[in-house]
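First the structure, in the form of structure tokens, and then the observations on it.
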Amino acid sequence: MNLFRLLSSLPALILTLGIMLPSAQASIAWEPHGSANGIAIFTRHVPGQPLKEFRGIVQVDAPLAQVAATRADVSTMHEWFFLLNEARFIKGERLDDAYIYLALKGIWPVNPRDAVAHVTVKQDPATMAITVNVASQDGLMAPQKGYVRVPSLKSTWTLRVISPTRTEVEVEGHGDPGGWIPTAIANFVVTTLPRQSLAKMREHVAKPEYRDLKKMYARNPQLRELGERLVFPTPLP
């Protein structure tokens, strides 16, 4: 996947976003890369592209509302997303339709990357599954010193209800990192980025500040507004 070719920082960005696959890709089978610590990783070739795209799946012992709030809390994303140095909103009053800036660390000899992306959040009314789509956006921010701007990227996070207290998190990612990245680093990132990011996200969700949604919403009105627009399973008595 091109996004991973970018650099280790690029993949970090990719994971943050997770990708939506073009219809032509649907017929290409995913290649499994093991399942360890409850996290399954897959990759597959993208026609005409030198880099693979990735897919990661994990189940989290937390309700959908808690996981959704964690994923939407962009200001703390750098605490769990692999190689992410900074993530912040630059435009938009609502979390379900906003623009964010992402800056990722590089792995020598690859330079750091950054990107501006449009983020949208949708929910399936029947299953309550929440989908976060991310796509690169041009013209909102000038190139930043010390970073290589990612030409294009698309990613998707999907949060699915397993039970009132358990949620499945799936992420897919692909894009064009722009610039050069060694094959060894690209291959390393394709599987390491989703595995480490999902593992750290699972730990992050369990923090006390995400267990009490009322306190979280009080600290972050945007999260409260997003939570009020979404539907969640009824908590167990």
Side-chain angles (χ1 to χ4, degrees), residues 12-13 15-18 37-39 56-103 116-135 155-173 194-237:
L13 171 65
L15 193 56
T16 299
L17 309 172
N37 196 26
I39 301 172
I57 303 173
V58 67
Q59 290 192 7
V60 179
D61 288 322
L64 179 64
Q66 186 174 331
V67 178
T70 302
R71 180 61 188 81
D73 192 9
V74 172
S75 64
T76 66
M77 191 180 299
H78 67 281
E79 297 180 15
W80 58 267
F81 196 81
F82 186 58
L83 295 178
L84 183 64
N85 189 52
E86 176 190 10
R88 57 186 167 88
F89 286 97
I90 58 175
K91 182 180 178 182
E93 298 180 356
R94 293 173 42 160
L95 297 186
D96 58 356
D97 188 2
Y99 297 84
I100 63 174
Y101 173 73
L102 300 161
V116 175
H118 183 202
V119 180
T120 57
V121 180
K122 304 293 183 182
Q123 184 174 38
D124 185 315
T127 65
M128 289 185 284
I130 297 171
T131 302
V132 182
N133 291 322
V134 183
S155 64
T156 297
W157 290 81
T158 305
L159 314 180
R160 301 185 181 92
V161 176
I162 301 300
S163 75
T165 60
R166 192 170 179 81
T167 305
E168 180 182 85
V169 179
E170 178 180 353
V171 59
E172 296 181 13
R195 182 174 287 115
Q196 291 200 16
S197 294
L198 288 175
K200 291 184 178 180
M201 180 187 184
R202 182 171 55 189
E203 296 176 0
H204 197 74
V205 170
K207 290 184 176 181
E209 54 264 41
Y210 292 104
R211 296 175 184 171
D212 191 333
L213 290 179
K214 290 183 179 180
K215 290 184 178 180
M216 177 186 292
Y217 290 165
R219 293 192 301 268
N220 190 330
Q222 285 185 312
L223 282 178
R224 183 187 65 244
E225 292 171 1
L226 177 62
E228 291 173 348
R229 286 192 289 273
L230 299 173
V231 178
F232 302 111
T234 303
L236 293 174

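Values reported hereafter were calculated over all heavy atoms of this structure, with side chains retained and with hydrogens, waters and symmetry mates removed.
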Any donor-acceptor pair under 3.5 Å from Thr120 side chain to Asp97 backbone: no
List the atom of Pro63, the atom of Pro164, and the distance in Å for their closest heavy-atom pair. CB-O, 3.3 Å
Sequence-distant partners of Asn85, side-chain contact (heavy atoms from CB on, under 4.5 Å), two or more places apart: Lys105, Tyr147
After noting the C-alpha distance and the side-chain angles of Gln66 and Val60, does the key distance pass the side chain to side chain contact (heavy atoms under 4.5 Å, CB included) rule? CA-CA 10 Å; Gln66 186 174 331; Val60 179; over 6 Å; no
Give a yes or no answer on whether the side chain of Gln123 reaches the backbone of Met128 with a donor-acceptor pair at less than 3.5 Å. yes
Decide yes or no on side chain to side chain contact (heavy atoms under 4.5 Å, CB included) for Glu209 and Arg219, but give the supporting numbers first. CA-CA 10 Å; Glu209 54 264 41; Arg219 293 192 301 268; 3.4 Å; yes
Within this structure, what is the CG-CD1 distance for the pair Leu64 and Ile162, rounded to the nearest 0.5 Å? 10.5 Å
Report yes if some heavy atom in the side chain of Glu170 is under 4.5 Å from a heavy atom in the side chain of Val58; otherwise report no. no
If you apply the rule side chain to side chain donor-acceptor pair (under 3.5 Å), what do you find for Ser75 with Asp73, and how did you get there? CA-CA 6 Å; Ser75 64; Asp73 192 9; 3.2 Å; yes
Could you give the distance from CG (Leu198) to CD (Gln196), rounded to the nearest 0.5 Å? 10.5 Å
Tell me whether Asp96 is salt-bridged to Arg94, with the criterion being a basic N under 4.0 Å from an acidic carboxylate O. yes
Does the plane of the ring in His118 sit parallel, tilted or perpendicular to the ring in Tyr99? Use 30° and 60° as the thresholds. parallel
Within-4.5 Å side-chain heavy-atom neighbours: Glu168 and Thr158: no
Salt bridge (Lys or Arg N to Asp or Glu O under 4.0 Å) against Glu225, all qualifying residues, sequence neighbours excluded: none
Pairwise side-chain contact, Leu84 with Leu102, heavy-atom cut-off 4.5 Å (strictly under): yes
Rounded to the nearest 0.5 Å, what's the gap from CZ on Phe232 to CG on Leu213? Could you check? 7.5 Å
So, are Arg88 and Glu86 salt-bridged, with charged N and O less than 4.0 Å apart? yes
Any non-hydrogen side-chain atom of Tyr217 less than 4.5 Å from a side-chain atom of Asp212? no
Quick one: are Trp157 and Val169 in side-chain contact, heavy atoms under 4.5 Å? yes
For the pair Arg160 (side chain) and Thr167 (backbone), establish whether a donor and an acceptor sit closer than 3.5 Å, ignoring hydrogens and angles. no
Thr70/Lys207 under side chain to side chain contact (heavy atoms under 4.5 Å, CB included): CA gap, chis, key distance, verdict: CA-CA 10 Å; Thr70 302; Lys207 290 184 176 181; over 6 Å; no
Does CD belonging to Glu93 count more than 12 external heavy atoms closer than 6.0 Å? no
Reported NE2-to-CE distance for the pair His204 and Met77, which is rounded to 0.5 angstrom: 9.5 Å
Less than 4.5 Å apart, any side-chain heavy atom of Leu95 and any of Phe89? yes
Evaluate the side chain to side chain contact (heavy atoms under 4.5 Å, CB included) criterion for residues Ile57 and Ile39: first the C-alpha distance (whole Å), next the side-chain angles of each, then the deciding distance (0.1 Å), finally the verdict. CA-CA 6 Å; Ile57 303 173; Ile39 301 172; over 6 Å; no
Might you work through the side chain to side chain donor-acceptor pair (under 3.5 Å) test for Arg166 and Gln59, ending with a clear yes or no? CA-CA 7 Å; Arg166 192 170 179 81; Gln59 290 192 7; 2.7 Å; yes
Nearest atoms (heavy-atom pairs only) where Leu223 meets Ala69: CD2-O, 3.8 Å
Pairwise side-chain contact, Val119 with Asn133, heavy-atom cut-off 4.5 Å (strictly under): no
Partners of Asp124 by side chain to side chain donor-acceptor pair (under 3.5 Å), sequence neighbours excluded? none
Does Arg71 reach the side chain of Met201, with side-chain heavy atoms less than 4.5 Å apart? yes
